[in-house]
Amino acid sequence: MTTTDGNAASSSPAIRASDRDRDAVVQRVQEAFADGRLDDTEFDERMRAALTARTQAELDVLLADLPATTPATGSAPAGRGPGRFAVALKSSVRRAGRWRVPERYTTVVYKGEGWLDLRAAELSGPATTFVTVAYKSRVTILVPPGVRVEMTGFGVTQGLAEDEDPGYRLPVDAPVIHVRGLAYKGTIEISTRPPERPALRR
């Protein structure tokens, strides 16, 4: 009888993952990235795997080497947001890590560089609008997989080529980021993958 039960258990179908299961794993992966437990490549790979996972077993593998919970993330706030505006004149604007993004955020960069990393950020609502102006500048907005991006304006490009599309379907309630951009002799780029980072100097 024991053998029969064992065979039945081993041949039972894998448990299908629900959208709530995937969302929970995505949140854990984002927290691990914000804590420095995952690098850029690992974060990108696990996020895409979580969003396309079909079974609970596939999700469990993504969390196998991560702590069960991230201390204090449930009760501690993400920290004060940087405000609704960021202006750089011949300098740079950089926002990364765990930061709270207002529902409308305006960035103006004049002869400089902008870097807005949303992969570990907390969005204030289901829809976030970025008003971005790049005058002889380059502004990069880095979004996590699973976020729908809508772009309007001039000089706004999407960094992920169509042949690199991971092929997952976004749920109807996926967070939306609206980018309204104006680039004069510059570029505003939305990407899901960071550029290669230069080697650290020693």
Side-chain angles (χ1 to χ4, degrees), residues 2-3 5-82 94-103 105 115-128 140-149 160 164-177 190-197 199-200:
T2 304
T3 305
D5 292 342
N7 292 336
S10 62
S11 61
S12 60
I15 299 175
R16 287 278 181 167
S18 67
D19 288 340
R20 181 175 298 180
D21 295 332
R22 297 185 189 92
D23 290 343
V25 173
V26 164
Q27 183 176 358
R28 290 271 302 282
V29 172
Q30 287 179 315
E31 291 173 354
F33 175 72
D35 291 339
R37 299 179 188 276
L38 303 175
D39 61 23
D40 288 328
T41 301
E42 292 169 325
F43 172 79
D44 182 74
E45 291 175 349
R46 296 197 192 198
M47 284 290 287
R48 294 174 188 278
L51 291 166
T52 57
R54 294 186 177 183
T55 67
Q56 185 64 51
E58 293 175 4
L59 293 176
D60 291 342
V61 170
L62 303 177
L63 304 178
D65 58 349
L66 298 179
T69 57
T70 302
T73 55
S75 57
R80 291 186 177 181
R94 294 187 66 85
R95 296 287 184 264
R98 189 173 291 158
W99 61 294
R100 182 176 293 110
V101 185
E103 293 186 2
Y105 189 74
W115 176 266
L116 304 176
D117 189 344
L118 308 181
R119 294 174 298 167
E122 177 187 344
L123 301 180
S124 300
T128 304
T140 301
I141 302 175
L142 192 59
V143 301
V147 174
R148 181 176 293 106
V149 178
L160 183 63
E164 295 177 332
D165 188 347
Y168 56 79
R169 292 190 305 169
L170 294 177
V172 294
D173 60 346
V176 180
I177 292 179
I190 296 90
S191 178
T192 58
R193 295 181 180 178
E196 293 295 330
R197 289 199 272 183
L200 296 177

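Since the model is a prediction, treat every value here as computed from it, not as a measurement.
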*Trace of the side-chain contact (heavy atoms from CB on, under 4.5 Å) decision for Val29 with Leu38*: CA-CA 8 Å; Val29 172; Leu38 303 175; 3.9 Å; yes
*Partners of Val176 by side-chain contact (heavy atoms from CB on, under 4.5 Å), sequence neighbours excluded?*
Arg148, Glu150, His178
*Answer yes if the side chains of Gln56 and Asp60 hold a donor-acceptor pair under 3.5 Å, and no otherwise.*
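Side chains of Gln56 and Asp60: pair found under 3.5 Å.
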*Does a side chain donor of either Asp44 or Thr41 reach within less than 3.5 Å of an acceptor in the other side chain?*
no
At their closest point, which heavy atom of [X] faces which heavy atom of [Y], and how far apart are they?
{"X": "Ala53", "Y": "Arg22", "result": "O-NE, 2.8 Å"}
{"X": "Leu62", "Y": "Arg46", "result": "O-NH1, 2.8 Å"}
{"X": "Gly146", "Y": "Pro175", "result": "O-CD, 3.8 Å"}
{"X": "Ala34", "Y": "Ala120", "result": "CB-CB, 3.7 Å"}
{"X": "Ala50", "Y": "Leu59", "result": "O-CD2, 3.8 Å"}

Donor-acceptor contact present, side-chain [X] to main-chain [Y], <3.5 Å:
{"X": "Glu45", "Y": "Glu42", "result": "no"}
{"X": "Arg94", "Y": "Trp115", "result": "no"}
{"X": "Asp23", "Y": "Arg20", "result": "no"}
{"X": "Glu58", "Y": "Arg54", "result": "yes"}

Please round to the nearest 0.5 Å and tell me the distance separating atom [atom1] of [X] and atom [atom2] of [Y].
{"X": "Ile177", "Y": "Tyr105", "atom1": "CD1", "atom2": "OH", "value": "13.0 Å"}
{"X": "Thr192", "Y": "Arg48", "atom1": "OG1", "atom2": "CZ", "value": "4.0 Å"}
{"X": "Phe33", "Y": "Arg119", "atom1": "CZ", "atom2": "CZ", "value": "3.5 Å"}
{"X": "Ile141", "Y": "Thr128", "atom1": "CD1", "atom2": "OG1", "value": "11.0 Å"}
{"X": "Asp117", "Y": "Thr140", "atom1": "CG", "atom2": "OG1", "value": "10.5 Å"}
{"X": "Arg37", "Y": "Arg28", "atom1": "CZ", "atom2": "CZ", "value": "10.0 Å"}

*Please tell me if the side chains of Ile15 and Thr55 come closer than 4.5 Å, counting only heavy atoms from C-beta onward.*
no
*asked:* For a 4.5 angstrom cut-off between non-hydrogen side-chain atoms, does Val143 reach Val149?
replied: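 A side-chain contact under 4.5 Å exists here.
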*Pair Asp35 + Arg98, salt bridge at N-O below 4.0 Å*: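 Counted as a salt bridge, because a side-chain N and a carboxylate O are separated by less than 4.0 Å.
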